[in-house]
Amino acid sequence: MATAQKLKQVHVINHPMIQHKLTIMRQKDTSTGKFRQLLREISMLLGYEVMRDLPMTTQKIQTPVCEMEAPVLSDKEMVFVSIMRAGQGILDGMLRLVPSACVGHIGLYREPKTLVAVEYYFKVPKDIKERDAIVLDPMLATGHSAVAAIDRLKETHPKNIKFVALLCSPEGIEYFHEYHPDVPIYTAAIDQKLNEKGYIVPGLGDAGDRLFGTA
Ligand code: URA
């Protein structure tokens, strides 16, 4: 059970490199290729912060000068879980940091009238109970998809869950933590609000469309 101070954590990673790249992503004339490249780069930078508390151990190695006990990541495994389809953009960056990580996928679409999330695909590693899950979705907007994804993921009992979103709305954070106060959120920015269509304002538009050139 998470302790009180560990509940409802939101980590805004406002490093100048992330903020600069995010500003370029937000601009409507930024090309698909550039958008994709920037999302990958920001995801790597977010990844460093998200994985800051990964457990370490040491390994005896030989440098050209002498032997030493050097730090290495312990065997504890993780799984990246991409909420399709826009999660793929963050996944790309995370896998550059940890190429050996397992990947799960959750397919959800927003029912256009109600904005409610409907599941169409779910696949995670069989040994997920032994893994830490890092869930990826660029936009925490209404929070419906994120809550549905975490609801479903919790049924498989990963050891621990973190949620990574490039951008969040205040409404999305509130909704998310109403249902999953134990899941920390890592993000590059919290924007002003949601509009009546469920888009983040000022936001960057539809992340999936911008990532895949389907606008
Ligand atoms: N999904 C997006 O891609 N963009 C938003 O602004 C909200 C949800």
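None of the values given here were measured: they were computed from a predicted structure. Read the numbers this way: they start at 1 and go in the same order the structure lists the ligands and their atoms.
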Open item on the list: With a cutoff of 4.0 Å, is G198 in contact with ligand 1, counting heavy atoms of the residue only?
Closed with: yes

- [ ] Give the numbers and elements of all ligand 1 atoms closer than 4.0 Å to a heavy atom of A141.
- [x] 7 (C), 8 (C)

TODO: Considering only non-hydrogen protein atoms, determine which one is nearest to atom 5 (C) of ligand 1 and report residue, atom name and distance to 0.1 Å.
DONE: Y199 CD2, 3.4 Å

Open item on the list: Distance under 4.0 Å to a non-hydrogen atom of D206: what atoms of ligand 1 satisfy this?
Closed with: 2 (C), 3 (O), 4 (N)

TODO: Could you check D127 against R131 for salt bridge (Lys or Arg N to Asp or Glu O under 4.0 Å), going step by step and ending with a plain yes or no?
DONE: CA-CA 7 Å; D127 60 356; R131 295 175 182 274; 2.8 Å; yes

- [ ] Decide, yes or no, whether a salt bridge links K154 with D182 under the criterion of side-chain N to carboxylate O below 4.0 Å.
- [x] yes

Task: Main-chain N/O of F122 paired with R152 side-chain donor or acceptor, under 3.5 Å - done: no

- [ ] Compute the centroid of each ring, for Y186 and then for F163, and state whether the two points are separated by less than 6.0 Å.
- [x] no

Open item on the list: Considering non-hydrogen atoms of the protein only, which is the closest contact for atom 4 (N) of ligand 1, and what is the distance?
Closed with: G205 O, 2.8 Å

Open item on the list: Looking at H177 and V183, would you say the former's side chain and the latter's main chain have a donor-acceptor pair under 3.5 Å?
Closed with: yes

Open item on the list: Tell me whether A207 has any N or O atom under 3.5 angstrom from an N or O of ligand 1.
Closed with: yes

Open item on the list: Given 3.5 Å as the limit, does a donor-acceptor pair link the side chain of T30 with the main chain of R26, or not?
Closed with: no

TODO: Give yes or no for whether the N/O distance cutoff of 3.5 Å, strictly under, is met between I200 and ligand 1.
DONE: yes

